[in-house]
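To start, the structure itself, in structure tokens.
Just so it is clear: chains get the letters A, B, ... in the order the sequence lines come, proteins before strands, and each one is counted from 1. The model shown is predicted, which means the values in this text are computed figures rather than measured ones.
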Amino acid sequence: MHVKFIELNYLCIHNLNSIMEQKIRECCVDAVKELFGEKIAPELIGFEKTKKEIEGDFTVVVFPLVRYSRKSPEQTATEIGDYLIKNLPGISSFGVIKGFLNLVMTESFWFDFLYTEFGDPSFGVFPARNDKPVVLEYSSPNTNKPLHLGHIRNNLLGYSISLILEANGFDVHKVNLVNDRGIHICKSLVAYMKWGKGETPESSGMKGDHLVGSYYVLFEKHYREEIQSLTGKGMTEDEAAGAADLIGEAQEVLRQWEAKDPDILHLWRTMNDWAYQGFDTTYKQLGVEFDKVYYESDTYLLGKQLVQEGLESGILYSKADGSIWIDLQEEGLDEKLLLRTDGTSVYMTQDLGTAEQRFETYHPSRMIYVVGNEQLYHFDVLKKVLKKLGNPASETLFHLSYGMVELPEGKMKSREGKVIDADDLMDEMVQTAEETTLELGKVDDFSAEKSAALFYMIGMGALKYFILKIDPKRNMLFDPKESIDFNGNTGPFIQYTHARIQSLLKKAKETGSWMLDAGPAKRETRNAKSESSILKPESSTLEPRPSTLIPSEREILRLLYQYPTVVKQAGEELSPALIANYVYELVKEYNQFYQEVPVLREEDPKKLRFRLALSAFTGSVIRKGMALLGIAVPDRM
RNA sequence: GGCCCCAUAGUUCAAGGGAUAGAAUGGAAGUUUCCUAAACUUUAGAUCCAGGUUCGAGUCCUGGUGGGGCUACCA
């Protein structure tokens, strides 16, 4: 099914069990030794999520142990359970169903957990590793096309993964490599020179990247027409494509560009600047950022040196026409061109160069490339070429290949105009958020500014969550109708729950028995100091412990306890989807609790305060988790 | 043609080799003198086919069927 991320072992996150699970595991190993006289590997002790309808907080799978106990699964589980109760504090009882040992933790275990962790800003944020950095490339746009839905997935994934890795203590460098040169860029230049009439973003009122993109489209339109008229005169499609005057002009412009023709360079810079300004706006709206932006026009010559060295050492070979190749047949691939007959570099040459450059600049433990799965072959080749050349960058290179975004009517095809534009999409989402919110009459007392901020938060939350909740590796279907839905498993649903919690806390504060320190909600992965919702009861009962925990409270605590482990796992698998699904589960559970259990209306002050603390902690984890997805949550909506 | 990926309710997604395969949406039926109904409850509904490995398979292996991607001196 899915490719396991074995290659990611370098991350050394590995231990994907919670602290309690680790303790249980160790104790189980002791139990097996004590009871059955066998020393077993800790990995043999597996955990399973405790099913909801079964009582228990942790579940040990004992099937693998029966060969050591030589007893029935039930008997084995029972004996180990007895041993655990005697030897591991915090376990109050256990139940055995088949080969599953369901451990029930004491209530004080859960209270201790709640009160030690919920005010701790670093909950779910792991300390910095004194390790080599990670370089993460994402976005990588093309200056002749505005960003579309596919880029949105790329950008959201890349940015979220950077946050997740940071939460796991990694030093992450986010880089962007802009494709700003090549024959396709020259097409836009040609079109502008022919038909542009000096149009600018200001004069046309168009966003820069869209303006540039429109000339690319214009070129393609005329080019197709020319090809059509040539095929009408008896040429084949291929002949016509090569013989058309327009493509000739574009090729000429490329030659001039490479020869540093001042006029061409000037126009090229002008149009690229328009595109960059447009991209910046889109990135800002998306909420993504980079530590460093590379331009292919600066890097495209890199790699030639590597190829030259490879040729000299005999690893590469040249053909009669002067082109340079690598033979990867032993590696199960093909022969691959690395330098053209005319000595110019191809995509691969350039990527070899940037890989080395990056490696030398950062000395990273890993270089992650967030690039669509249509380039699996390219990265396979890249890694193998580097390896064959004996370049250490090869070992650190990892292609995070994500699936394509498809539309209900099929694939997006930019040439046919079948694309969803990033800016349009974001605008629509925000607008829908506005309409829905106004319809529900939620913000009648909001200022215009506050409302606008909320609509943006909700619209973008919906979009981001819709995309990030899906396993990155999988192709996904983007149905605009569904994406704009704010009910069910959606971003706004989660935001709404957070808002309700904040509303509870605010009211609790107003009643006077609670003090709430509301700090600014910042990027918590980076700046763990800013924790809002620290609850300070005025009474001497700092840690109210009601006599019993009801099932929904226990379930919420159980989920909260899992959060750091989920962050780890998401870091290991480079999957924001794990965070998204976790937060959803937590929110669903909380909503049930909210619906069925009184909080402010509770008369027992111990229960009331405990539930407020539980709510505050839940709210904080919702916010942290969503922050890792790049999604903000409101206090009111 | 060769190589790679995918296949789970009508639909879109979950499920570390482990319990009765979970959600959402859509369908049906309910919940508001009460902390925000963008919520909650109940209900019907699924592992493409055929073999194999295993105490145990949606998950691993083989073969089929159906979809997608790659296979440029494009990037």
Identify whether any heavy atom of [X] sits under 4.0 Å from a base atom; if not, whether one sits that close to sugar-phosphate; answer base, sugar-phosphate or nothing.
{"X": "A:N102", "result": "base"}
{"X": "A:A577", "result": "nothing"}
{"X": "A:K588", "result": "sugar-phosphate"}
{"X": "A:F47", "result": "base"}
{"X": "A:M476", "result": "sugar-phosphate"}
{"X": "A:F493", "result": "sugar-phosphate"}
{"X": "A:V597", "result": "base"}
{"X": "A:T497", "result": "nothing"}
{"X": "A:L477", "result": "sugar-phosphate"}
{"X": "A:P408", "result": "nothing"}

**Residues which pass ring pair (Phe, Tyr, Trp, His ring centres under 6.0 Å) with A:F455, listed by chain and number, not counting sequence neighbours** =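 Applying ring pair (Phe, Tyr, Trp, His ring centres under 6.0 Å) to A:F455 gives none.
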
Margin query: Restricting to ring pair (Phe, Tyr, Trp, His ring centres under 6.0 Å), what partner residues turn up for A:F446, sequence neighbours left out?
Written below: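 A:F446 satisfies ring pair (Phe, Tyr, Trp, His ring centres under 6.0 Å) with no other residue.
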
Query - Interatomic spacing from CD1 in A:I420 to OG in A:S483 - rounded to 0.5 Å - result: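 That separation rounds to 7.5 Å.
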
* Between CD1 on residue A:I80 and CD on residue A:Q75, distance to nearest 0.5 Å ->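 If we round to the nearest 0.5 Å, A:I80:CD1 and A:Q75:CD are 10.5 Å apart.
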
Check whether any side-chain nitrogen or oxygen of [X] sits under 4.0 Å from OP1 or OP2 of [N], and answer yes or no.
{"X": "A:R500", "N": "B:rA37", "value": "yes"}
{"X": "A:N581", "N": "B:rC13", "value": "no"}
{"X": "A:Q592", "N": "B:rA39", "value": "no"}
{"X": "A:K49", "N": "B:rG16", "value": "no"}
{"X": "A:R474", "N": "B:rA7", "value": "yes"}

Comparing A:K98 and A:S503 on RNA chain B - which has the more 5′ nearest nucleotide |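 That would be A:K98.
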
Checklist entry - Where does RNA chain B form stems of at least three consecutive Watson-Crick or G-U wobble pairs, each pair having both distances below 3.5 Å? => result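 Looking at RNA chain B, the stems formed by three or more consecutive pairs are B:1-7 with B:65-71, B:10-13 with B:22-25, B:27-31 with B:39-43, B:48-52 with B:60-64.
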
Q) What pair of heavy atoms forms the shortest contact from A:N142 to A:F279, and how long is it? A)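 Heavy-atom minimum between the residues: O-CZ, 3.5 Å.
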
For residues 95-104 of chain A, tabulate all N or O donor-acceptor pairs below 3.5 Å that involve a side-chain atom, not counting sequence neighbours.
unit_1 : atom_1 : unit_2 : atom_2 : d
A:N102 : OD1    : A:T59  : OG1    : 2.7

### Message
Does atom CD (A:E409) have a neighbourhood of more than 12 heavy atoms from anything else shown, all under 6.0 Å?
### Response
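Yes, because the 6.0 Å sphere around CD of A:E409 holds more than 12 heavy atoms from other groups.
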
query = Within the modelled atom types, does a donor on one side and an acceptor on the other bring the side chain of A:T490 and the base of B:rA38 under 3.5 Å apart?
reply =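 Side chain to base: no pair below 3.5 Å.
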
Show me the side-chain donor-acceptor pairs of residues 583-592 of chain A shorter than 3.5 Å, one per line, residues at least two apart or across chains.
unit_1 : atom_1 : unit_2 : atom_2 : d
A:E589 : OE1    : A:K52  : NZ     : 3.0
A:Y590 : OH     : A:S615 : OG     : 2.8
A:N591 : OD1    : A:R500 : NH1    : 2.9
A:N591 : ND2    : A:T497 : OG1    : 3.1

Could you go through nucleotides 70-74 of chain B and list every protein N or O atom that sits under 3.5 Å from one of its N or O atoms, giving the distance for each pair?
unit_1 : atom_1 : unit_2 : atom_2 : d
B:rC73 : O2     : A:T341 : N      : 3.2
B:rC73 : O2     : A:T341 : OG1    : 3.4
B:rC73 : N3     : A:T341 : OG1    : 2.4
B:rC73 : N4     : A:D321 : OD2    : 2.1
B:rC73 : N4     : A:T341 : OG1    : 3.2
B:rC74 : OP2    : A:R340 : NE     : 2.6
B:rC74 : OP2    : A:R340 : NH2    : 2.5

* To do: Report yes or no: does A:T437 contribute a side-chain atom to a donor-acceptor pair with the main-chain N or O of A:A433 at less than 3.5 Å?
  =>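 A pair under 3.5 Å: yes.
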
Whether A:H151 side chain and A:S139 backbone form a donor-acceptor pair below 3.5 Å: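 No; zero donor-acceptor contacts below 3.5 Å.
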
### Message
Quick test of the criterion, 5.5 Å between centres and less than 30° between planes. Is A:F63 stacked on B:rG18 or not?
### Response
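So yes, this residue stacks on that base, both cut-offs being met.
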
Between [atom2] of [N] and [atom1] of [X], the distance in whole Å:
{"X": "A:F593", "N": "B:rC35", "atom1": "CZ", "atom2": "P", "value": "15 Å"}
{"X": "A:L586", "N": "B:rA23", "atom1": "CG", "atom2": "C1'", "value": "15 Å"}
{"X": "A:Y584", "N": "B:rU25", "atom1": "OH", "atom2": "C1'", "value": "10 Å"}

Ring centroid separation A:Y295 to A:W268 under 6.0 Å: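 A:Y295 vs A:W268: aromatic centres not under 6.0 Å.
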
B:rC40, B:rA19, B:rA24: which one has an atom nearest the side-chain heavy atoms of A:N591?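 Out of B:rC40, B:rA19, B:rA24, the nucleotide with an atom closest to A:N591's side chain is B:rC40.
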
Next on the checklist: Nearest to the side chain of A:R601, heavy atoms from C-beta on, is which of B:rU41, B:rC35, B:rA38?
Outcome noted: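 Of all the options, the side chain of A:R601 is nearest to B:rC35.
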
